[in-house]
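Taking it in order: structure first as structure tokens, then the write-up.
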Amino acid sequence: MSRKPYHREVSKTTWFLKQSRYQHYMLHEISSVFVAIYVGVLIVGLFRLAQGPEAWSGWLAAVTSPIGVIFHILVFIFSIIHTTSWFKAVPQAMRIQRGEEIVPGNLIIGAHYGVWAVVSVVVLLVAGVA
Amino acid sequence: MKVVNTDIVIIGAGGAGLRAAIAVAEADPTLNIALVSKVYPMRSHTCAAEGGAAGVVKESDSLDYHFNDTVSGGDWLTDQDAVELFVNEIPKELTQLEHWGCPWSREDTGKVAVRPFGGMKIMRTWYAADKTGFHMLHTLFQTSLKYSSIRRFDEFYTTDLMIDDGVCRGCTAIEMRSGEMTLFLGKTVIICSGGAGRIFPFTTNGAIKTGDGMAMAYRAGVPLKDMEFVQYHPTGLPGSGILLTEGCRGEGGLLVNKDGYRYLQDYDLGPPDPWPRLKAMELGPRDRLSQAFYHEQKKGRTIPSKWGDVVHLDMRHLGEKKINERLPLVRDLSRSYVGADPVTDLVPVRPVVHYMMGGIHTDINAATPMSGLYAAGECACVSINGANRLGSNSLGELLVFGARAGRHAVEYVKTVGTLEGDARIEKQAGDAESRIKSLFKRTGGKQRVAALRRDMNMTLEEGCGIYRDENSLIDTCTRIADVRARYRDVRLEDKSNVYNTDLYQTLELGAMIEVAQTVAISALQRKESRGAHQRLDFTARDDENYLKHTMAFYNPNGDPRIDYADVTITKSQPAARVYGGAAA
Amino acid sequence: MARSAKAVPWFLFAAGGTVIAFILPVMIFITGIAPAIGLFGDALSYETMHAFVGNWLIKLILLGIIVLAAWHAAHRLRVCAHDFGIRADGAVSIVVYGLAAIASAATVVALLMI
Amino acid sequence: MSERQIELEVLRYRPEMDDKPFFQTYSVPCQEEWVVLDALNYVKDEMDRTLSYRWSCHMFVCGSCGMAINGEPKLACKAFLRDYQTKIRIEPLSNFPIERDLVIVQDDFIEKLESVKPYIIPKQEKPIDQGEYLQTPAQLKAYKQYSMCINCLLCYSACPQYALEEKFIGPAALALAHRYNMDSRDVGRSAREHVVASHDGIWACSFVGACSQVCPKDVDPAGAIQQVKFTSAVDYLTSFLPGGKR
Ligand SMILES: Cc1cc2nc3c(=O)[nH]c(=O)nc-3n(C[C@H](O)[C@H](O)[C@H](O)COP(=O)(O)OP(=O)(O)OC[C@H]3O[C@@H](n4cnc5c(N)ncnc54)[C@H](O)[C@@H]3O)c2cc1C
Ligand code: SF4
Ligand code: F3S
Ligand code: FES
């Protein structure tokens, strides 16, 4: 047999460094780490709230500490990454056909951004900030 | 040598080969099929067909109309029994393909849509946007996966037919990835190896269309029929030779010369209606349109470009929506390759070699004169195309005759019982293998594949193009004979076994040279003008002497022997071909 | 081959991804950034918050967001682990989905306590 | 005519001579309007007959000529030299074993394609003489995009999950399954489900999306896969309801 196919190895741990496309993907995958921690922080906050004023202000103090702020800025950035990449993918995952026309992706994405803006404003109003 | 025992060997897995394989599998699931192809089935050149496949379905149409269009389109060189059978069977074949999932374009009612095509009196060309062949090929390939009796041998290059006592019993093929010679031993062979447009330098045909099957049958003693009829398609992109489908004109595209004038009206194809009139102007037959280009060029009314003279295809009035919906590939190709967007620009085009009307001589059952050997698709000549094929008839042809080849091969296998002589065939296969080995061993060969190929290409283009004459043809024949002699001293530069494309190109060149020789000699001997064969020295059709099929027989040491066979005429007597306003 | 049970967590992942895409940025802003820059004044005081979260409707909404976010993150972490070359998918699943389940339960408890 | 000298750095691998691939550089006089495939053909004809690669149609429809050009999976007949600098690096498609030079081994893909039953599974056979199935332009549109795949394998070459998990059925085959699922003439979805919705089917895709970015035919396999995930997830969950199909 003269055949001797050559197999190129792909590193199982560093493959995503090879292409900017993969780096972007990893960036939104990693957002989950921050979301997870944030969920933890929230749950702790709820417990603290249940435990009374002191516990709650302790939690607030932690959140507003430099480390807390840095962490939240990071989470915020990653949540924006998550939102934008998620919206970008929606037309692919959810193709809408009206008769012979496929609803243009930009329209769907635009609608999502619109809803996002409305939701954010409403939440801010409810929270009494604005 | 590896031996594959089977019942039916099919060489080629394009539209015709796949259709034949499915026909066999459906007719008799117990028969083993070896489907041998030098490329993966979906790479076969059927995928390049854009425009569509003709078949009568609409109320206003009739089988007789399709028959008449095809016979007169072929300048009465068609065999009318074959055409009749063809027009009868094609609607069923196209419907069958629909049932198998082919994404035909549709009318609002859900029925299949049809579009006008050159030389057709009525709109009857089924299409799948402008990727008809692609969708047909993939539908056939994917459907073929249902049948467990079809065993594929992808990327096996067939070199020779195995013939014992005048009966075809199989073939030898090289597994391209290992270089290993394999003997396919069966009871019958169907050749579906496609056309040979690559013998010309400027062609719409892909790299694989090198006439291998034609040459194999020819070398085995089966005649090649009507090889002088080579179709030029009027609208190829200059430079690359990429085709812009006749569908462009079917949808309303116009051909204009350097003055913006619709020159076809000067060649008995008028009146120049602004709408597409069937069988007139841009919807005339391909031979006439390509010939008109030649004359415009002689009159200096074409447009010079860096890739040679062109005329313009004007589709701007069709509008972006229609172009995107019906001709998306055309738009993509013209933008990419010549930087012209059909929506806003004139697209430069010129005639380009497209299709071989001729091929392996078969009867209406796709049987060749040799027992056990069938042929179908572009490699075969039944003949339904005569002197000029109408656009959209060949996709139909490969279905109808591919299926017939399959079914008749099954019948044939049932009659032959067990065959003797396997040992003799193995010896033959050994000889075939040593011939290849000797190519490897040859040292000091002086001839280069690329150079020989270029010489053959240029000779054919110069002497055997849209118009030919005695002098040009004699010159071409001499030069091809010379190329053929030099080929014996060709040098193989790559001596390896694994995927040696140098070897396959060398073998393909060998096949092309044989085919090219039959084209030139057949053309030289036909002293008349008919369809795609136009002689400057014999400008009229001569039914008295040449209402006949040319038969070219192999001669290992010289020019092919030319003989003639009768044309079958049933209900349509030869008459003048009429296009333009008078055709209505 | 069998159909994969990955369909279930994927559903939660997809639903969670959508919900948090809309809501998480503004929530993070309110709970994590606004207090630090003092945008809030009284809104985050214990009384206001306690009253606010005490509302059943708000409890339900918060529960939905937190649980979906947890499962979304869990599923994505499982994929992440694979992408970083950790091939013990079974063990990883137990850990991440286990954590998501604990988080879900904890949220319920916390909300009930308020 | 304007000529341009291009440096082609081609990854060579001749299994009978080499232990591992190496780059070989060819300096090729090119025409301005050429594609990379034309440059390779020039090398083959005029400089080095031993270079092997696949091609046929030269019009981006046969799917033969996929290769990595400057690291990006491309069809060589659709990669115009005008879009490149003087140096162009050409390698065989990644994620596949190299048979030789630019020729890759594609058996794995063919097997996967076969595994998803890519053909119409009708409710019941309709006799040919009853004519075609009716299918409105809207019904055609529902699957048309997914029927455009030329099996060029660029998507497999771009997909990291295929690189990491060789059992993954992969983008093109899954898109093709979706094509038949979405066809109004087909009822084969549940027959395909056991492969398509298996661990190595859609669930091995993490929606990297690279497949759709490199696809020369805008098939959008990434979208197809996510759509299948949704319907399969619904199927899976409802299969536990009374009357649900397992
Ligand atoms: C650009 C273009 C557009 C066209 N448009 C239309 C159209 O709109 N309508 C129409 O009716 N017709 C059209 N045609 C013509 C039509 O497409 C062809 O005639 C037809 O597809 C030929 O099909 P086939 O099955 O005979 O051969 P192919 O599809 O060419 O298949 C040949 C097969 O033989 C195999 N083969 C060849 N040699 C060997 C060997 N030595 N060993 C093993 N296997 C071998 C190949 O691998 C391949 O599988 C068009 C042609 C071209 C080039
Ligand atoms: S989906 Fe696109 S990239 Fe993938 S094989 Fe098909 S055509 Fe090529
Ligand atoms: S790149 Fe791969 S992971 Fe999925 S979206 Fe495409 S198949
Ligand atoms: S040669 Fe056919 S796709 Fe490039």
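Throughout, protein chains are lettered first and strands after them, A, B, ... in sequence-line order, and every chain is numbered starting at 1.
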Open item on the list: Report which part of A/Arg8 has an atom under 4.5 Å of a heavy atom belonging to chain D: side chain, backbone, both, or neither.
Closed with: side chain

Task: Under 4.5 Å from a heavy atom of chain D, the part of A/Tyr25 involved - done: side chain

Open item on the list: Does atom NZ (D/Lys217) have a neighbourhood of more than 12 heavy atoms from anything else shown, all under 6.0 Å?
Closed with: yes

Open item on the list: Between D/Lys74 (side chain only) and D/Ala68 (backbone N and O only), is there a donor and an acceptor less than 3.5 Å apart?
Closed with: no

Open item on the list: Treating A/Lys4 as the side-chain partner and D/Asp18 as the backbone partner, does any N or O pair qualify as donor plus acceptor under 3.5 Å?
Closed with: yes

Chain A contact via [X] - which portion, at a heavy-atom distance below 4.5 Å:
X	answer
D/Val208	both
D/Phe230	neither
D/Lys229	neither
D/Ser212	side chain

Task: Ionic contact status for D/Asp220 with A/Arg95, cut-off 4.0 Å - done: no

Open item on the list: Heavy-atom pairs under 4.5 Å with chain A - which of D/Arg100, D/Gln213, D/Gln226 has more of them than the others?
Closed with: D/Gln213

Open item on the list: Please enumerate all residues that pass side-chain hydrogen bond (donor to acceptor under 3.5 Å, both in side chains) together with D/Ser184, with sequence neighbours excluded.
Closed with: D/Gln135

